[in-house]
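Here's the structure, in structure tokens; my notes come after.
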Amino acid sequence: MKITVIGTGNMGSAFAKQLSAAGHTVRITGRDLEKAKTVAAPFANVSACAAADALGDSEAVIVATAYPDAAKALQNLGDLTDKVVIDITNPMSADFMALSIGHETSAAEEIAKAVPTAYVVKAFNTLFAQVLADGPLFTESQRGSVFVASDSERAKQSAVSLAQSLGWNTVDAGGLINARYLEPLAALNIYLGYGAGLGTSIAPVWLNK
């Protein structure tokens with residue numbers, strides 16, 4: 001796939017690494033073009049672009065910014081009509097110990113309102129950057145899961161195909177409204193990682209018997 005990644009932090013860098021390894025073509029952009037160039041440099045098929053040039057013919061956009069920056073960053077790309085937007089954000093408080101919104105809406109739903117001509121899908125939000133960068137395999141050959149929620153079947157299938165191309169199991173989490181469950185799940189994972197001291201090599205999975 002041809003993919004645009006917005007964000008040059010830990011998650012954006014992890015996506016650049018894993019998408020490159022899976023053979024995808026990636027444009028990465030952020031507020032600092034020089035930082036984007038630094039992130040892109042080690043990886044094949046990854047190029048740094050200014051926001052105005054980052055969308056091009058990409059089939060999907062991964063928004064890997066902080067939640068408060070997501071809508072504006074997406075709008076800065078230009079016309080997102082019919083583009084798939086993969087929202088990985090979580091609306092966390094400054095200390096990462098609480099959600100800033102929830103119950104009646106979610107980060108994904110608010111982003112969808114901001115880019116109404118795009119197809120928004122929630123995915124990858126329950127993974128720490130370290131886990132994403134290291135890949136889907138855990139101890140004892142356990143394989144991690146990516147939860148996917150969208151009102152668009154096309155967007156959902158794009159996110160599923162992308163996650164599976166990186167080696168992840170996928171869980172269909174229903175419509176976009178269920179981001180209201182996935183974002184608290186991510187918050188619990190963050191608490192367990194930092195508040196409970198389990199570290200950042202953990203991730204939630206869904207098991208079948």
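Counting from 1, the numbers follow the sequence of the chain as shown.
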Considering residues, nucleotides and ligands other than F138, do more than 12 of their heavy atoms fall under 6.0 Å from its CZ?
yes
Do the side chains of I3 and V61 get nearer than 4.5 Å, heavy atoms only?
no
Spacing of CG belonging to D69 relative to OG1 belonging to T89, to within rounding of 0.5 Å:
10.0 Å
Is there a donor-acceptor pair closer than 3.5 Å between any side-chain N or O of S20 and the backbone N or O of A44?
yes
Does F43, at its CZ atom, have more than 12 non-hydrogen atoms belonging to other residues, nucleotides or ligands within less than 6.0 Å?
yes
Within a radius of less than 6.0 Å around CG of D134, do more than 12 heavy atoms belonging to other residues, nucleotides or ligands occur?
yes
Taking the basic N atoms (NZ, or NE/NH1/NH2) and the acidic carboxylate oxygens, is any pair closer than 4.0 Å for D151 and K122?
no
About how many Å separate OG1 of T4 and CZ of R27, when rounded to the nearest 0.5 Å?
5.5 Å
Rounded to the nearest 0.5 Å, what separates atom CG in L137 from atom CZ in R143?
4.5 Å
Taking T29 for the side chain and C49 for the main chain, is one N or O donor matched with an acceptor at less than 3.5 Å?
yes
Polar side chain donor-acceptor pair, S158 to E59, under 3.5 angstrom:
no
Here the gap from N189 atom CG to T126 atom OG1, rounded to the nearest 0.5 Å, amounts to 7.0 Å
Between the main-chain N or O of S93 and the side-chain N or O of S100, is there a donor-acceptor pair closer than 3.5 Å?
no
Starting from I28, can I reach L55 by hopping between I/L/V/M/F/W/Y residues whose side chains sit under 4.5 Å apart?
no
Pairwise side-chain contact, I6 with L77, heavy-atom cut-off 4.5 Å (strictly under):
yes
Quick one: do M97 and I101 end up in the same hydrophobic cluster if we chain Ile, Leu, Val, Met, Phe, Trp and Tyr together by side-chain heavy atoms under 4.5 Å apart?
no
Transitive ILVMFWY side-chain link M92 to L192, under 4.5 Å
yes
State whether the number of non-hydrogen atoms from other residues, nucleotides or ligands found under 6.0 Å of R154 atom CZ is greater than 12.
yes
To the nearest 0.5 Å, atom NZ of K156 lies from atom OG1 of T170 at 10.5 Å
Would you mind reporting whether L80 and L74 have side-chain heavy atoms less than 4.5 Å apart?
yes
Compare all side-chain heavy atoms of I86 with those of V84 and state whether any distance is below 4.5 angstrom.
yes
Measuring from atom CD1 of I88 to atom OH of Y67, what distance do you get when rounded to the nearest 0.5 angstrom?
15.0 Å
Centres of the F124 and F15 rings: under 6.0 Å?
yes
Find out if a path of hydrophobic residues (ILVMFWY) with successive side-chain heavy-atom gaps under 4.5 Å connects L162 to V121.
yes
Identify whether V148 and V85 are in the same connected component of the hydrophobic contact network (ILVMFWY, side-chain heavy atoms under 4.5 Å).
no
Is the closest side-chain donor-acceptor distance between S106 and E109 under 3.5 Å?
yes
Using only heavy-atom distances, determine whether the side chains of T105 and R180 contain a donor-acceptor pair under 3.5 Å.
no
